Amino acid sequence: MSETKGLEGVTAGNTSICTVGKEGDDLKYRGYSIIDLSNHALFEEVAYLLLHKKLPTQAELDSFLEKLHSVRGLSQSTQTALKALPKDAHPMDVLRTGVSILGCEYPETDDNTWEVAHRLLANLPEMVLTWHAHHNPVDSTSSNETSIAGCFLEKLLGKPVLDEDRASMNCSLILYAEHGFNASTFACRVTTATLSDMYSAVCSGIGTLKGPLHGGANEKAMEMIKQFTSVDQAVAFINDALEKKIKIMGFGHRVYKIKDPRSDFMKNYTKRLAERLGDNMYFDISVAIEKTMKEKKGMFPNVDFYAAAFYYYLGIPIPLYTPIFAISRVSGWIAHIFEQRENNRLIRPKAEYVGPESQTFIPISERN
Ligand SMILES: CC(C)(COP(=O)(O)OP(=O)(O)OC[C@H]1O[C@@H](n2cnc3c(N)ncnc32)[C@H](O)[C@@H]1OP(=O)(O)O)[C@@H](O)C(=O)NCCC(=O)NCCS
């Protein structure tokens, strides 16, 4: 049997949650185009769609928001535990730890699955904010914002946010919410298939998303962009890196072959923000990198590339980019956890053995 490296092209199960690149460059959540959802919906509306398989009515959305609000907030002991984590810890490790603590405080039972789902959706932002504000105090960490996007931004930055920034942040959360059998979602489903609990599955997802080939790419992209002070420098760097066969973070995709439909949204928001701030440098550098990658490799940016400069212009510290991805993607993860449970079977592929055949055991005293 020949190996399918990285399981490329392998169908690993059925899903009714999302289609990725079915027509080359499209993305749909439960049949709704990402373009329509991004242009018109609230992130929580999309989370409801993913979890409940339908768009909510206004009354259903209000009740959903109320449920999230009612479970938002960490216990004193969780806050103390998160604040005790080192300042230089990676926030994704903080998030993973926070989810583990929450799982010990409010374990999942047969009767409270929905409450656990709401607790996770509402509290991932709180975990990041609690730890971050402890080490980087801001004037105010309170917010009257009801939306996850607005509340997160306002508490993080310690000041009220403009409508435009809340709206574009909301859109970035929608774009990150779901993406089929991507690596972190698949990790959640594997954990779920053993009949483990929702918190454990989400911890698997967070650990998997952290890697730079997956969610960590937005941070790595910004670290790269930030080292340049001119377009020429950036272009020279990319040319050199491609010669050396170094991967450029924020480019390429396993599934999309024409373009990543999420990228245009992030590019437009970044452009608008850069213009408003009167600081185009990182936007211009990003555009030059996109152009060079197109010319030299025929590659297009994925969602993470322009998300990098977008979050940077918003004033968000780079190490929080991947946690923002997780704050959004947890909605997709939970939808997949529910779907896996609806028709479960242990996920256990086989491997082609390529090691040595029958070896004779040698006692340790006789080995060289
Ligand atoms: C997303 C990604 C992991 C998909 O990986 P994949 O389907 O396994 O593709 P491969 O890593 O096998 O790459 C295939 C070829 O494209 C090249 N390539 C892929 N991504 C590249 C990138 N970002 N920059 C430069 N070259 C790239 C590889 O070097 C390889 O070239 P080769 O055939 O000459 O060796 C990959 O494109 C990547 O690492 N991108 C950067 C990380 C990133 O942005 N991740 C976020 C994804 S949303």
Side-chain angles (χ1 to χ4, degrees), residues 2-12 18-21 24-27 29 34 38 92 172-188 205-228 234-267 270 285-312 318-319 321-329 332-333:
S2 70
E3 175 195 29
T4 312
K5 207 169 172 196
L7 298 183
E8 180 167 8
V10 171
T11 300
C18 170
T19 51
V20 181
D25 60 354
D26 61 320
L27 171 62
Y29 298 167
I34 192 68
S38 299
M92 287 297 275
S172 79
L173 295 183
I174 292 175
L175 297 172
Y176 270 139
E178 163 56 11
H179 219 222
F181 275 32
N182 60 89
S184 57
T185 299
F186 195 59
C188 288
I206 293 171
T208 310
L209 187 69
K210 182 184 172 193
L213 293 190
H214 192 8
N218 52 16
E219 293 178 19
K220 297 287 172 206
M222 194 61 222
E223 282 162 13
M224 172 186 71
I225 293 166
K226 208 163 76 76
Q227 63 180 309
F228 309 125
V235 171
F237 174 92
I238 298 296
N239 283 329
D240 186 51
L242 291 180
E243 289 253 314
K244 292 177 179 150
K245 300 226 167 263
I246 294 171
K247 278 186 172 178
I248 308 301
M249 292 296 128
F251 284 85
H253 203 272
R254 175 63 68 77
V255 182
Y256 295 121
K257 297 302 170 208
I258 304 169
K259 76 169 184 178
D260 181 336
R262 302 167 297 177
S263 171
D264 284 347
F265 279 98
M266 295 317 306
K267 185 175 178 178
T270 311
I285 286 172
S286 302
V287 171
I289 293 174
E290 178 184 3
K291 192 160 169 276
T292 311
M293 288 297 286
K294 181 87 196 154
E295 282 165 12
K296 295 284 156 60
K297 288 285 283 187
M299 295 187 81
F300 52 82
N302 57 50
V303 64
D304 287 317
F305 185 65
Y306 280 102
F310 170 69
Y311 290 143
Y312 192 84
I318 297 174
Y321 295 5
T322 316
I324 291 172
F325 191 158
I327 286 166
S328 158
R329 183 57 61 86
W333 290 338

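First listed ligand is number 1; within each ligand, the first listed atom is number 1. In this chain, numbering begins with 1 at the start of the sequence shown. No hydrogens, no waters, no symmetry mates; every other heavy atom, side chains included, goes into these values. Since the model is a prediction, treat every value here as computed from it, not as a measurement.
Judged purely by atom type and a 3.5 angstrom limit, E295 has no side-chain atom pairing as donor or acceptor with the backbone of T292. Distance alone, capped at 3.5 Å, places no donor-acceptor pair between the E243 side chain and the K245 backbone.
Considering all non-hydrogen atoms of both residues, A234 and I289 come closest at CB-CG1, 4.1 Å.
Under the 4.5 Å side-chain criterion, counting only non-hydrogen atoms from C-beta, M224 is in contact with F237. Contact check for I174 versus F265: no side-chain heavy atoms found under the 4.5 Å cut-off.
For atom 6 (P) of ligand 1, the nearest protein heavy atom lies closer than 4.0 Å. Taking a distance limit of 4.0 Å, we find that atom 15 (C) of ligand 1 is approached by no protein heavy atom. Atom 35 (O) of ligand 1 lies below 4.0 Å from none of the non-hydrogen atoms of the protein. Within the 4.0 angstrom cut-off, atom 12 (O) of ligand 1 has no protein heavy-atom neighbours.
Heavy-atom separations between V303 and ligand 1 are all 4.0 Å or longer. Judged by the shortest distance from any of its heavy atoms, H214 lies inside the 4.0 Å radius around the atoms of ligand 1. Ligand 1 lies within reach of G250, whose nearest heavy atom is under 4.0 Å from it.
Only backbone heavy atoms of P212 (N, CA, C or O) come within less than 4.0 Å of ligand 1; its side chain stays farther off. Only the side chain of M293 comes within contact range of ligand 1, with a heavy atom under 4.0 Å; no backbone atom does.
Of the protein's heavy atoms, I248 N, 2.9 Å lies nearest to atom 24 (N) of ligand 1. Protein heavy atom closest to atom 43 (C) of ligand 1, with residue, atom name and distance, is A217 CB, 3.5 Å. Closest to atom 8 (O) of ligand 1 among all protein heavy atoms lies R254 NH2, 2.9 Å. Given atom 18 (N) of ligand 1, the protein heavy atom at minimum distance is M299 CE, 3.9 Å. Atom 9 (O) of ligand 1 has as its closest protein heavy atom K247 NZ, 4.7 Å. Summary of contacts: the protein heavy atom closest to atom 17 (C) of ligand 1 is K297 NZ, 4.1 Å. Atom 3 (C) of ligand 1 has L213 O, 4.0 Å as its closest protein atom, hydrogens excluded (heavy atom only). The protein heavy-atom contact nearest to atom 1 (C) of ligand 1 is G252 O, 3.8 Å.
With salt bridges taken as basic N to acidic carboxylate O contacts below 4.0 Å, one links E223 and K220. A salt bridge is defined here as a Lys NZ or Arg NE, NH1 or NH2 lying under 4.0 Å from an Asp or Glu carboxylate O, and K294 with E290 fails to meet this definition.
Classified by interplanar angle (parallel below 30°, tilted 30° to 60°, perpendicular above 60°), the ring pair F325/H214 is perpendicular.
In this structure, the separation between CE on M293 and CG on N239 is 10.5 Å, given to the nearest 0.5 Å. To the nearest 0.5 Å, the span separating NZ on K267 from CZ on F305 amounts to 9.5 Å. Between the CG atom in D25 and the CZ atom in F300 there is a gap of 9.0 Å [rounded to 0.5 Å].
Defined by atom type and a distance below 3.5 Å, a donor-acceptor pair is missing between the side-chain atoms of N218 and Y312.
Comparing heavy-atom distances from atom 40 (N) of ligand 1 across F251, F305, F325 singles out F251 as nearest.
For ligand 1, the atoms lying closer than 4.0 Å to a non-hydrogen atom of D304 are 46 (C), 48 (S).
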